[in-house]
Amino acid sequence: MVKALIPISVHLESSIALRYAQHLSRWIDLRIHDIHVIDSDRAGPMPAAQGWVRNKWEKALTESAEKEISQFLAMENLDLKRTRGTEVIQGDRTEKLLEKVISGAYQLFIEGALPTFDPTDFYSLLGSTLYRALPCPALVVKNPVILDKTVILMDPEDEQTPVSAYLKIFAGSGIETDIAVYTITDGDELVVRDAGDQPAWTGQVAKTISAQSVAVGKTKRIKGPGARIAEHLRGYGLVAASVPRNPMRQKPKLEILARLPNPVLICWSETST
């Protein structure tokens, strides 16, 4: 079983995340906990109120949010297994979500994000206080695509970095998984080779994945500019990659991930903080 925390609101990003979670649950035993955090200090004109007045105002905020979220989920009408009912709480969003992820021992954090043509939006997300402190992988869902095949994106020195985190989620799933070793180059040419140009360690990675009842597809070497590599990967239902806690240390890889319309599984690299 994989426990996942999903922050939700009544906006499109949450619909995208929840719909993709339903696709994901067809491959793994996924149990979600959806949570809505109200920042009461920004939600209305009375944050300076104290005592009984503030308590009544906060209760009204919570009741209003619970009604909106309930209506939103009824409209989505998705078949998802939940660890508990939808939770609506007040407080600082980052603090509350981190508190929940840690105390609940979640294996996955899922969040929807609208596709954007500006890579800095993705950089800002991964560089946020919330993401840099997450103790588990983060699944950023930009589109609710059909999940039928995945790829692990690795640089020539990655070796096992993203694989163990990926397998903690997909072990036993049987889903077909490609391994793509990339090199960013200048110019516009994209070169993709399926054999004969991979690092020696890719064979062991394939064996490790296969041993966990995950179907290994192609092992490929991709060379080209970041935008072209991202374009080549568009057909996958999920792209997994390692990212350090200081994400700008791997800006070339982030450029690829930022340009992807696919859901991206961020596997934190603890050795590159």
Side-chain angles (χ1 to χ4, degrees), residues 12-13 16-17 19-20 23-24 27 110-127 131 137-159 161-163 165-166 169-170 175-199 202 205-206 209 214-244 247-267 269:
L12 178 59
E13 302 97 297
I16 290 172
R19 289 178 180 275
Y20 187 76
H23 295 316
L24 184 59
W27 290 100
I110 304 176
E111 186 168 30
L114 295 180
T116 174
F117 295 103
D118 186 355
T120 59
D121 292 340
F122 190 74
Y123 302 159
S124 297
L125 181 66
L126 295 194
Y131 273 68
L139 177 54
V140 181
V141 186
K142 305 176 186 180
N143 282 296
V145 299
I146 299 299
L147 177 58
D148 54 6
K149 189 174 183 178
T150 72
V151 61
I152 301 177
L153 181 66
M154 310 178 76
D155 65 46
E157 276 116 35
D158 257 339
E159 297 199 26
T161 302
V163 175
Y166 175 84
I169 297 169
F170 286 99
I175 194 167
E176 185 175 354
T177 301
D178 286 356
I179 302 166
V181 182
Y182 77 95
T183 301
I184 293 182
T185 61
D186 296 327
D188 295 326
E189 184 181 11
L190 180 72
V191 178
V192 181
R193 293 191 175 94
D194 291 337
D197 193 28
Q198 290 82 25
T202 56
V205 169
I209 295 172
V214 177
V216 178
K218 295 180 178 179
T219 298
K220 61 179 71 175
R221 185 71 178 265
I222 308 173
K223 297 182 181 180
R228 293 292 307 278
I229 294 174
E231 183 179 349
H232 176 77
L233 299 173
R234 290 173 67 95
Y236 290 97
L238 178 143
V239 178
S242 63
V243 173
M248 296 309 289
R249 289 190 181 183
Q250 287 191 8
K251 191 172 181 180
K253 181 188 289 184
L254 289 189
E255 180 188 354
I256 299 173
L257 301 180
R259 294 182 182 279
L260 288 171
N262 326 47
V264 176
L265 179 67
I266 302 299
C267 305
S269 172

task: Evaluate side-chain contact (heavy atoms from CB on, under 4.5 Å) for Tyr20 paired with Leu139, printing each intermediate quantity in order.
output: CA-CA 10 Å; Tyr20 187 76; Leu139 177 54; 3.7 Å; yes
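- A salt bridge (Lys or Arg N to Asp or Glu O under 4.0 Å) with Asp178 is found for exactly one of Arg221, Lys218, Lys149, namely Lys149.
- Considering every non-hydrogen atom in both Ala113 and Val140, the closest pair reads CB-CG1, 3.8 Å.
- Under the 4.5 Å side-chain criterion, counting only non-hydrogen atoms from C-beta, Leu114 is in contact with Ile16.
- For the residue pair Thr183 and Pro156, the shortest heavy atom distance occurs at OG1-CG, 3.9 Å.
- We find the OH-CG distance between Tyr182 and Leu153 to be 6.0 Å, quoted to the nearest 0.5 Å.
- In plain terms, the two heavy atoms of Pro263 and Asn143 that are nearest each other are CG-O, 3.6 Å.
- Side-chain contact check for Tyr166 versus Thr177: some heavy-atom pair is nearer than 4.5 Å.
- Separation of atoms OG1 (Thr185) and NZ (Lys223) is listed at 8.5 Å; rounding is to 0.5 Å.
- Exactly one residue among Asp148, Thr150, Leu24, Leu238 makes a side chain to side chain contact (heavy atoms under 4.5 Å, CB included) with Ile175. That residue is Thr150.
- Interatomic distance, CZ of Arg259 versus NZ of Lys142, reported as 10.5 Å (0.5 Å rounding).
- The minimum heavy-atom distance between Ile222 and Ala180, with the atom names listed, is CD1-CB, 3.8 Å.
- Contact check for Lys220 versus Val151: no side-chain heavy atoms found under the 4.5 Å cut-off.
- The minimum heavy-atom distance linking Ile229 with Gly224 is given by the pair CD1-O, 3.4 Å.
- Remark: Leu147 CG to Phe170 CZ distance equals 5.5 Å, nearest 0.5 Å.
- Scanning for side chain to side chain donor-acceptor pair (under 3.5 Å) contacts around Ser124 gives an empty result, with sequence neighbours left out.
- The OG1 atom of Thr219 sits 9.0 Å away from the CG atom of Asp194 when rounded to the nearest 0.5 Å.
- With values rounded to the nearest 0.5 angstrom, Ile152 atom CD1 is found 9.0 Å from Leu265 atom CG.
- Considering every non-hydrogen atom in both Glu189 and Pro225, the closest pair reads O-CD, 3.4 Å.
- The shortest side-chain heavy-atom distance between Val163 and Met154 falls under the 4.5 Å cut-off.
- Looking at Lys253, its side chain does come within 3.5 Å of a backbone N or O of Ser242 through a donor-acceptor pair.
- The closest side-chain heavy-atom distance from Ile256 to Ile184 is below 4.5 Å.
- For Phe122, there are no ring-ring contact (aromatic ring centres under 6.0 Å, His included) partners, not counting sequence neighbours.
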